[in-house]
Amino acid sequence: MSQASTPQAGGPQAAAGLAAVRAEYEEFRARGLALDLTRGKPSAEQLDLSDELLTVLRPGDVRSADGTDCRNYGGLQGLPELREIFAGLLQVPADQLLAAGNASLNVMYDVVAHAMLSALPGAKQRWIDEEEIRFLCPVPGYDRHFSICDRFGITMVPVPLTGQGPDMDVVEELVAADPRIKGMWCVPKYSNPTGETYSDETVRRLAAMPTAAPDFRLFWDNAYAVHHLTEERAELAPVLAACAEAGHADRAFVFGSTSKITLAGSGVAFIGSSPANTAWYLKLTGNQTIGPDKVNQLRHARFFGDADGVLAHMERHRALLEPRFAAVYEVLERELGPLGIAEWTRPDGGYFVSLEVPDGCAAEVVRLAKEAGIALTPAGAAFPGGRDPRDSHIRLAPSYPSVEEIRLAMQGVATCVKLVAAERAAAASQ
Ligand code: PLP
């Protein structure tokens, strides 16, 4: 999916229709609606797809394939049969994949915290002993990655996305020159929020590029590895294999979870990496826990059976999500398409649509939408520090509301875009 370029405010239609679109907005606001397109949460119907998880284990049925009593302590690496199921899907050999707690975000946070306090394989020293740590942040990106950087005082360096992943010319130049750049956030498949998948060439260059920091790491957050929305299933080159081939075996940490596969609050998170990184992480995480929730992991292994079981399950998600995304496009195309005042992505997977409005308009659109009872992700949330330098990007998350609610909410959003564009055009012509 290519990045939308920012359209320009104005145009004769926008200016001429100011009074009409104001009336349309006031009418909408008077309805006193309460609609929410903020976070990428599965809907209740999606959660229902995994109801069997609540009953799949019975009293007395608590042993894994190797005979482990899953109710007891131990098994820091996580249940082997669940790791087997997800190894191929996350492109990590099963013996280098760990099944952890319920949130991959938690694991990402821990890796950063551990790297602060214990030197990574290949590092000269702990990150906390460095004067400054920097992370590259492809933008627009995932706000919670940026929160982790904020928490640890890591300087965020935005890099542009291209529709094929980050702009590699920019990335290569930065990491080659600056030893303070120790990490880079990557959502390589159906990225949050642009929906793009990194090309093979992008993955190859990320794996091969020389870095000034010997302990540079890719934080490869493959949160949407199997979250297809169309027949077209995007293929992502396997990053660990690419790194090993390029002679940088320890370069990537891969993350994933079943949060948006089974139960968002009660899924299973995964982390995979090279043998050296995996041993480093296991040793340190052993200070935090005696082992993960193996009962939940056993439930998941039984529920899926195998990797095909995961993919079949994701088709059922797709059946619920596709019409929701279609409702977004339908309204945007009808209301904004002919005006040329906005552009949007049509992702092949993931949870988000990126809406680009004229520069300087996004915050005002979000504000007007809020007044009309439509909660949108705050403008700028997809950028470090919450600041979109062009104030043009809005993240839409259509998974949670019903199709009817989405149609209504998008009608309101489109009205807000029209109103702001028309107001700007009128101001400019005065
Ligand atoms: N990573 C990305 C890119 C996400 O979009 C999300 C949720 O929206 C997460 C991670 C959260 O994953 P988890 O629930 O496993 O912490």
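All ligand and atom numbering here is 1-based and tracks the order in the structure. No experiment lies behind these values; they were computed from the predicted model shown.
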- Query: Is the shortest distance from a Lys or Arg side-chain nitrogen in Asp143 or Arg39 to a carboxylate oxygen in the other one below 4.0 Å?
  - Reply: yes
- salt bridge (Lys or Arg N to Asp or Glu O under 4.0 Å) partners for Asp61, two or more places apart: Arg302
- Message: Tell me which residues fall inside the under-4.0 Å heavy-atom shell around ligand 1.
- Response: Ala103, Ser104, Leu105, Tyr142, Val187, Asn192, Asp221, Ala223, Tyr224, Ser257, Ser259, Lys260
- Query: What do you reckon, are the aromatic ring centroids of Phe135 and Phe146 less than 6.0 Å apart?
  - Reply: no
Could you pull out every donor-acceptor pair under 3.5 Å between side chains of residues 258-271 and any protein atom, sequence neighbours left out?
{"from": "Thr258", "atom 1": "OG1", "to": "Thr262", "atom 2": "OG1", "distance (Å)": "3.0"}
{"from": "Thr258", "atom 1": "OG1", "to": "Val268", "atom 2": "N", "distance (Å)": "2.9"}
{"from": "Thr258", "atom 1": "OG1", "to": "His300", "atom 2": "NE2", "distance (Å)": "3.4"}
{"from": "Ser259", "atom 1": "OG", "to": "Ser257", "atom 2": "OG", "distance (Å)": "3.1"}
{"from": "Lys260", "atom 1": "NZ", "to": "Gly40", "atom 2": "O", "distance (Å)": "3.2"}
{"from": "Lys260", "atom 1": "NZ", "to": "Tyr224", "atom 2": "OH", "distance (Å)": "2.7"}
{"from": "Thr262", "atom 1": "OG1", "to": "Thr258", "atom 2": "O", "distance (Å)": "3.3"}
{"from": "Thr262", "atom 1": "OG1", "to": "His300", "atom 2": "NE2", "distance (Å)": "2.8"}

- Any cation-pi pair here, Arg31 with Phe28, using under 6.0 Å and within 45°? yes
- Query: Mind checking what makes side chain to side chain contact (heavy atoms under 4.5 Å, CB included) contact with Arg63, not counting sequence neighbours?
  - Reply: Asp69
